[in-house]
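Heads up: the structure comes next, in structure tokens.
Here is the naming used below: chain letters follow the sequence lines, and residue numbers restart at 1 for every chain.
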Protein chains: 2
Amino acid sequence: MNNVHYICTVNLILEIMVSNKSIQEQRMKGYFIQATKDILKGEGLKGVSVRNIAQQAGYSYSTIYNYFKDVNDLVFVCISDFQKECESFVAEQTKEKPQGIDRLKATVVSYVNYFLEYPGIFDLFYLAKVGDFGHKAATIDLINGSLDAVCEKEWNYCASHGLVKVEEVERIKAQLRYTVIGMLLLYLNRRFPSSYSEFMSQLTMQINAILGNEEGTVKAVPDATQSSSLVQNSLISVNIR
Amino acid sequence: MNNVHYICTVNLILEIMVSNKSIQEQRMKGYFIQATKDILKGEGLKGVSVRNIAQQAGYSYSTIYNYFKDVNDLVFVCISDFQKECESFVAEQTKEKPQGIDRLKATVVSYVNYFLEYPGIFDLFYLAKVGDFGHKAATIDLINGSLDAVCEKEWNYCASHGLVKVEEVERIKAQLRYTVIGMLLLYLNRRFPSSYSEFMSQLTMQINAILGNEEGTVKAVPDATQSSSLVQNSLISVNIR
DNA sequence: TTATAATATGAACAATGTTCATTATATTTG
DNA sequence: CAAATATAATGAACATTGTTCATATTATAA
């Protein structure tokens, strides 16, 4: 009995210790993560350095290595946070649109807008070479399913309301994914097209070609009208040093 | 008269001197360019460093700065060479295909194959952040028109033989460009899809969706059959360190 | 052959990521 | 409460990066 009691007490104490340790550790990690996210949103990936992050967090550069294996580890952690933020961003921007193909289109445009506003996050998601993904497969999956996750609700709505052929959903999802990422890559990294308005015009044209011009049903690649850009974006930093 | 003679002689000598100087300068540049290209094809962009290039070329690292403004300048020069090489590569791989939509499709697949064989060149073309493009607009245009240039002959053939609607050519070109680059980005940089065969299957599916399943005419996004991969590729180095 | 111009070179600097012995702080023990 | 111990923060140090510049070497001129 006494033994059991002692064991329980010891376990409880250990648990509290571990818990406290964990809380403090998580707090410290949080400081560095927040600093990294701020830098990524501001200066972008090129501004991320161990000494930079540490200064922003108010610690010495070597302290980071007490909480993260290396700088890639730290940067990787930011990805899931940004994905969540991206989902909120899109939900906020599209909540007024009527459900269905219209909102699906607006969702894709809004997804693009998120990366136009934070080009550093696009770099992080799609361009960054991060060493040793071996253990980070989950993060890579998160990135690869990023657009699909953002659009999931709308796809479900469209499928359940017969607005799309279920057997075509996967192909169209893929088509959207590749087109959106290709366009963002060329625009943010290679200044093509050369103007924002031209980019948005191309974007809506491509989305209409993929999801159909008329609302309600997905038609197959009809003639795409160059509709005016759906969303305005004030701050595009093309992020080339 | 004598004056004129002297002037001409002097001019000639100067010209020869300049010419010689230029020849030697070009030769030196060539050594460094070749070294850089070899490294890019082998180790990829991550292997490119001033000291690495210099060693490969048999000179001291600082000698490079007598011939190039900086390392970006040197790397940039390689791009047009690779574009030419890519065009030859594609021409060689597709010469047996019947002209028209079939060869156009094969051309796009072959373009992809080039970058699968040399992922470092994909990095250079589309991912590299190269500082100060101000004066390099021509090179950027070369990259942005890379796929179009490779496909130009086939597009002309298809247009002049009524295999495509001329008013749709530009949109389809754009669709191909974004899709191909988006797919390459995800596959080479994010291991998606996870296998080569799955990637090639997706690629042919997307190309068929864009250019039509049946040969002869471009149909609008028909049901895409998962045809087997057209070209084999033995060496895919996904280039993540 | 000597004087001069051209060019190849490595030392030096700043900035990068990472490691590690040392200092400083917090906790446990006597 | 004081001393001993465990934990954590730190900057010095190293290797590697791109770039500059004074110097050494080589080629050309007189």
Side-chain angles (χ1 to χ4, degrees), chain A residues 9-10 12-32 35-36 39-40 43-77 123 128-132 240-241, chain B residues 9-10 12-32 35-36 39-40 43-77 123 128-132 240-241:
Chain A
T9 306
V10 168
L12 186 62
I13 290 170
L14 279 175
E15 200 177 299
I16 289 170
M17 284 170 61
V18 168
S19 174
N20 274 345
K21 176 178 176 173
S22 188
I23 283 177
Q24 291 168 19
E25 191 174 312
Q26 288 308 312
R27 215 189 328 253
M28 286 294 288
K29 281 193 168 190
Y31 296 150
F32 289 118
T36 308
I39 293 169
L40 280 167
E43 308 168 60
L45 249 184
K46 69 183 187 304
V48 171
S49 78
V50 186
R51 285 163 174 83
N52 221 355
I53 295 167
Q55 187 178 28
Q56 183 105 354
Y59 287 90
S60 174
Y61 54 88
S62 55
T63 307
I64 287 174
Y65 292 90
N66 293 334
Y67 297 94
F68 299 92
K69 183 178 129 284
D70 54 33
V71 74
N72 288 329
D73 217 47
L74 174 48
V75 168
F76 246 71
V77 177
D123 281 10
K129 307 266 179 192
V130 228
D132 195 354
I240 292 165
R241 81 177 114 150
Chain B
T9 307
V10 168
L12 186 63
I13 290 171
L14 278 175
E15 201 178 298
I16 289 170
M17 285 170 60
V18 168
S19 175
N20 275 344
K21 175 178 176 173
S22 189
I23 283 176
Q24 291 167 17
E25 192 174 313
Q26 288 308 312
R27 221 195 318 260
M28 286 294 287
K29 280 194 169 190
Y31 296 150
F32 290 119
T36 309
I39 294 169
L40 280 167
E43 309 168 59
L45 249 183
K46 69 182 185 308
V48 171
S49 78
V50 187
R51 284 163 175 83
N52 222 354
I53 294 167
Q55 187 177 26
Q56 184 105 355
Y59 287 90
S60 174
Y61 55 87
S62 56
T63 306
I64 287 174
Y65 293 91
N66 294 333
Y67 297 95
F68 299 92
K69 183 178 129 283
D70 54 31
V71 74
N72 289 328
D73 217 47
L74 173 50
V75 169
F76 247 72
V77 177
D123 281 9
K129 308 265 180 192
V130 227
D132 193 357
I240 291 165
R241 79 175 118 151

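Counting heavy atoms from C-beta on, the side chains of B:N66 and B:T63 come closer than 4.5 Å. Looking at heavy atoms from C-beta onward, A:E25 lies in side-chain contact with A:K29 at the 4.5 angstrom threshold.
Rounded to whole Å, the distance from CZ on B:F68 to P on D:dG18 is 15 Å. Atom pair B:N52:CG and D:dA15:P shows a separation of 18 Å (rounding to whole Å applied). As a whole-Å value, the separation of B:Q24 CD from C:dT7 C1' is 11 Å. Look at OH on B:Y65: it is 19 Å from P on C:dT7, rounded to the nearest Å. Atoms NZ (B:K129) and P (D:dG18) sit 18 Å apart, rounded to a whole Å. In this structure, B:I53 places its CD1 atom 17 Å from P of D:dT16, rounding to the nearest Å. We find that CZ of A:F32 is positioned 13 Å from P of D:dA8, with the value rounded to whole Å. Between the CD1 atom of A:I39 and the C1' atom of C:dT16 there is a distance of 14 Å, given to the nearest Å.
Heavy-atom minimum distance, A:V50 versus A:Y61: CG1-O, 3.5 Å.
A:Y31 and A:Y59 have parallel rings, their planes meeting at less than 30° on a 0 to 90° scale where 60° marks the start of perpendicular.
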Using the 3.5 Å cut-off, write out each protein N or O paired with an N or O of nucleotides 8-12 of chain C and the distance between them.
| unit_1 | atom_1 | unit_2 | atom_2 | d |
| --- | --- | --- | --- | --- |
| C:dA8 | OP1 | B:Y67 | OH | 3.0 |
| C:dA8 | OP2 | B:Y67 | OH | 2.6 |
| C:dA8 | N7 | B:N66 | ND2 | 3.3 |
| C:dT9 | OP2 | B:S60 | N | 2.9 |
| C:dT9 | OP2 | B:T63 | OG1 | 2.8 |
| C:dG10 | OP2 | B:S60 | OG | 3.3 |
| C:dG10 | N7 | B:S62 | OG | 2.8 |
| C:dG10 | O6 | B:S62 | OG | 2.7 |
| C:dA11 | N7 | B:Y61 | OH | 2.9 |
| C:dA11 | N6 | B:Y61 | OH | 3.3 |

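At least one donor-acceptor pair under 3.5 Å links the side chain of A:N52 to the backbone N or O of A:G47.
Salt bridge status for B:K129 with A:D123: present, with a side-chain N to carboxylate O gap under 4.0 Å.
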